[in-house]
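Structure, as structure tokens:
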Amino acid sequence: MSLSVKHLLGIKDLLPSDIELILKTAEKFKEVLQRPIKKVPTLRDTSIVNLFFENSTRTRISFELAEKRLSADTINFAASGSSVSKGETLIDTAKNILSMKVDMVVMRHSATGAPHFLANHINASIVNAGDGINEHPTQALLDAFSMTEKLGDLKGKKVAIIGDIMHSRVALSNIYCLTKLGAEVIVCGPPTLIPKHIETLGVKVSYDVRKTLEWCDVANVLRIQLERQNKPLFSSLREYSMYYGVSKSLLDAVKKDIVIMHPGPINRGVELSSDVADSKQSIILDQVENGVAVRMAVLYLLAGKKDNLI
Amino acid sequence: MSSVLIKNIQVADATSAHNGKTVDILIEKGQVTQIGKSLKVTAKQTIEGKGRFIAPGWISLMTDFAEPGYEHKETIESGLNAAAQGGFTQVIVVPNTNPALATKSSVSFVQQSAKGHRVQLKVMGAVSQQLEGKNLAEMLEMYHGGAIAFTDGWKPLQHAGLMQKALEYVKAFNGTVVQIPVMAELSDGLMNEGPNSVQLGMPGIPVIAETLLVNRDIELARYTGSKLHLSGVSTAESLNLIKKAKKDGVAVTCSVTPYHLLFTDDSLSTYNSLYKVNPPLRSEKDRKALIKALEDGTIDAIATHHKPQDWDSKVKEFEYTQSGMATLESCWPMLRKAAPHVTAARWAALLSQNIATIFGLETTSVAEGSIADFTLFDYDTEWMLTPENKASLAFNTPLLNETLTGKAQIL
């Protein structure tokens with residue numbers, strides 16, 4: 001079994017069978033991560049560069065851990081701001097690094113489509129670790145993995161994505177992933193943070209958090225991306241947390257055992273109150289743990305080294 | 001000048017008595033001296049016109065030659081050569097150079113640089129000083145220096161008060177203000193807002209970013225009684241507004257680019273920056289409405305919006321790339337492909353006569369005694385635009401190295 005794609009640029013390009021293969025492979029890697037010795041020789045002699053043109057802590061650490069546990073050689077490159085401000089073009093940066101015989105690129109960039117652009121100009125396999133407001137495919141895969149762990153098959157399951165849908169690459173990747181796996185999806189948030197035409201992706205739209213929570217099995221609460229806003233899209237954080245935040249009292253009122261997720265980092269008290277984030281309903285730390293296994297699966301499958309033991 | 005005999009060519013010129021007929025045309029000393037069936041004359045040069053059309057020389061409206069200031073993208077000379085390759089005998093340039101064509105001296109620099117070339121160059125002067133959209137440029141003096149109309153070109157006038165004053169100011173010489181209707185405040189997206197922008201994770205530019213400005217400028221033209229030309233209209237709704245305004249007697253005309261007629265936002269599915277243009281490529285519904293409006297007369301003209309870019313301006317992350325497409329050399333194959341049923345005579349009106357009428361330019365007709373300033377074109381010749389054979393310095397066309405059908409040339 002192998003993937004139908006050479007790169008992981010977005011969930012949009014994947015077949016449902018690709019997603020299932022990645023999730024199944026991730027299960028095996030999760031088992032590996034429970035062993036006393038968590039390292040496998042699978043990607044020995046494979047060099048991976050982590051090209052981060054945008055700040056990241058958890059995604060970068062998660063990828064780096066995944067790479068190290070697969071015994072890959074890793075190089076980290078971080079540029080504050082865009083490649084443009086550095087004075088070197090993206091192609092030049094990538095080609096310079098690749099001329100040192102690097103096999104794979106994990107890339108985060110503030111511009112939508114940047115990894116797709118690079119994929120047209122270099123030979124190495126590219127894993128998109130987040131591009132602009134477009135996609136963050138490994139996040140969606142680890143979210144799907146974590147949901148499946150908790151709820152079983154996602155077919156027919158009801159998932160709400162709550163918050164800043166417009167500026168969130170997690171939202172778009174989740175929508176693609178969940179609808180491909182047969183789940184029902186609602187996006188919920190202030191109308192200014194929900195892009196027009198989103199219903200063409202096969203999701204429903206709601207502006208009412210309480211009704212949304214009453215409907216769903218899982219609520220994936222997104223971070224309010226203050227750094228991504230260049231215009232006023234809602235009045236204040238105070239009003240946002242009052243009307244769109246997920247709090248304990250709201251969940252109690254709904255009287256339903258909803259699974260709570262969040263891609264992190266959490267703005268505590270804004271989109272999610274602490275008593276919800278740290279509650280039993282929350283699988284936020286499982287998401288983080290599963291992130292390493294899922295990323296190991298993605299790197300392993302893209303490397304295409306079928307014969308290696310894991 | 002030598003004599004030329006064109007044999008068996010079909011006339012595409014609604015103003016000519018020979019329109020639609022296949023004739024022989026004798027040209028002597030730059031003038032048409034005889035038109036008729038099977039002329040029994042000899043000439044120094046004979047051109048076989050079988051399967052081809054002859055029309056009054058095409059005019060490239062809204063052309064950017066980037067000189068002065070951006071000579072690495074295009075120069076006046078390379079641009080004029082590209083126009084000739086594309087079948088244009090005249091070009092009208094936009095003022096978006098550096099310095100901008102916002103004074104009489106800069107206008108005459110460009111005019112002087114083009115002198116002596118087979119292709120004639122006309123200038124649109126800037127409406128605002130340095131194209132800053134704040135104060136009126138010296139339009140009256142530029143008009144007397146030969147500027148044929150006024151526009152801020154790729155930087156549409158945002159300020160309603162300034163637009164009103166500009167429309168009023170040009171009344172002194174019955175001038176025309178040209179606007180590309182893009183409202184900046186609503187246009188910080190990267191492509192047309194719609195299902196495609198959502199799927200691709202790109203911020204969208206809504207249709208209303210155009211229609212609000214179309215509506216505003218039509219009302220200003222109505223109020224001032226001045227002549228307004230809207231260029232690069234891209235949406236079905238804009239056409240409705242323009243159609244109604246024309247019916248009301250507002251002096252508004254409009255033009256459309258070849259790329260809005262041929263492509264839609266589906267072309268952006270791979271984040272290919274060669275399709276990044278402004279106004280953005282719209283939906284198939286809009287494209288179909290544009291094609292229909294070519295025939296029903298709502299659209300008056302084709303505007304090439306030839307906007308050359310160098311390699312580095314286009315080959316990087318989509319968000320950081322410059323917009324625009326180089327269209328001069330591939331304009332006719334694009335049009336022919338986009339709207340194959342439009343008649344040759346209608347194309348002649350859209351590419352020549354209507355433009356001449358709107359901007360008060362001299363034009364010719366296929367008639368005895370006329371100046372021989374013609375474009376010859378066909379619907380069948382297959383050819384390829386390549387980096388080697390192109391005349392433009394720019395490479396920013398998705399049609400490079402593609403097989404194109406239909407060739408135009410100038411006489």
Side-chain angles (χ1 to χ4, degrees), chain A residues 9-13 53-54 81-85 88-94 107 109-121 128 130-137 165-173 175-176 179 187 194-203 205 228-231, chain B residues 183-211 235 237 264-276 280-286 309-323 396 398 400-401:
Chain A
L9 301 177
I11 305 290
K12 180 165 169 270
D13 314 320
F53 294 95
E54 196 183 65
S82 67
S83 59
V84 170
S85 70
E88 189 181 41
T89 67
L90 175 56
I91 295 185
D92 284 345
T93 305
M107 175 178 167
H109 200 291
S110 62
T112 287
H116 308 69
F117 163 73
L118 197 59
N120 288 332
H121 289 92
N128 182 1
D131 66 319
I133 61 168
N134 183 30
E135 285 223 45
H136 189 353
I165 309 300
M166 181 178 282
H167 300 96
S168 171
R169 47 201 175 207
V170 178
L172 190 58
S173 282
I175 290 169
Y176 281 130
T179 51
V187 294
I194 297 181
K196 220 171 148 69
H197 305 292
I198 186 117
E199 69 289 345
T200 59
L201 297 177
V203 301
V205 176
R228 217 174 276 287
Q229 288 194 54
N230 51 12
K231 47 187 172 183
Chain B
M183 187 175 267
E185 264 188 287
L186 293 175
S187 300
D188 54 4
L190 295 171
M191 65 177 288
N192 180 44
E193 180 185 86
N196 279 324
S197 67
V198 170
Q199 271 191 34
L200 292 167
M202 293 227 259
I205 302 171
V207 161
I208 55 163
E210 176 167 316
T211 52
T235 76
E237 188 50 32
T264 66
D265 60 358
D266 288 344
S267 299
L268 290 152
S269 60
T270 57
Y271 304 97
N272 186 344
S273 69
L274 294 176
Y275 295 98
K276 183 175 172 184
L281 297 174
R282 300 285 185 184
S283 68
E284 179 64 10
K285 177 183 137 276
D286 291 305
Q309 296 291 358
D310 57 307
W311 176 269
D312 293 329
S313 300
K314 277 290 190 187
V315 183
K316 49 187 163 188
E317 299 88 320
F318 189 91
E319 191 175 329
Y320 305 143
T321 55
Q322 301 283 316
S323 67
N396 55 315
L400 206 61
N401 295 323

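Keep in mind that the numbers below use all heavy atoms, side chains included, and drop hydrogens, waters and symmetry copies. Computed from a predicted structure; not experimentally measured.
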Pairwise side-chain contact, A/His121 with B/Val315, heavy-atom cut-off 4.5 Å (strictly under) = yes

Would you indicate whether B/Glu185, at its atom CD, is surrounded by more than 12 heavy atoms from other residues, nucleotides or ligands within a distance under 6.0 Å?
-> no

Region of A/Lys12 that comes under 4.5 Å of a non-hydrogen atom in chain B = side chain

Aromatic rings B/Phe318 and B/Tyr271: how do their planes relate, parallel, tilted or perpendicular, breaks at 30° and 60°?
-> perpendicular

Of all of B/Gly201, B/Ser273, B/Pro203, which one pairs up most often with chain A through heavy atoms under 4.5 Å apart?
-> B/Gly201

With a 4.5 angstrom heavy-atom cut-off, which part of A/Thr200 approaches chain B: side chain, backbone, both or neither?
-> side chain

Derivation and outcome, salt bridge (charged side-chain N to carboxylate O under 4.0 Å, His left out), residues A/Glu54 and A/Arg169 | CA-CA 14 Å; A/Glu54 196 183 65; A/Arg169 47 201 175 207; 2.7 Å; yes

Comparing B/Gly204, B/Ser197, B/Pro206, B/Gly194 against chain A, the one with the most heavy-atom pairs below 4.5 Å turns out to be B/Gly194

Choice from A/Ala119, A/Gly113, A/Ala171 maximising heavy atom contacts with chain B below 4.5 Å = A/Gly113

With sequence neighbours excluded, tell me which residues meet side chain to side chain donor-acceptor pair (under 3.5 Å) with B/Asn396.
-> none

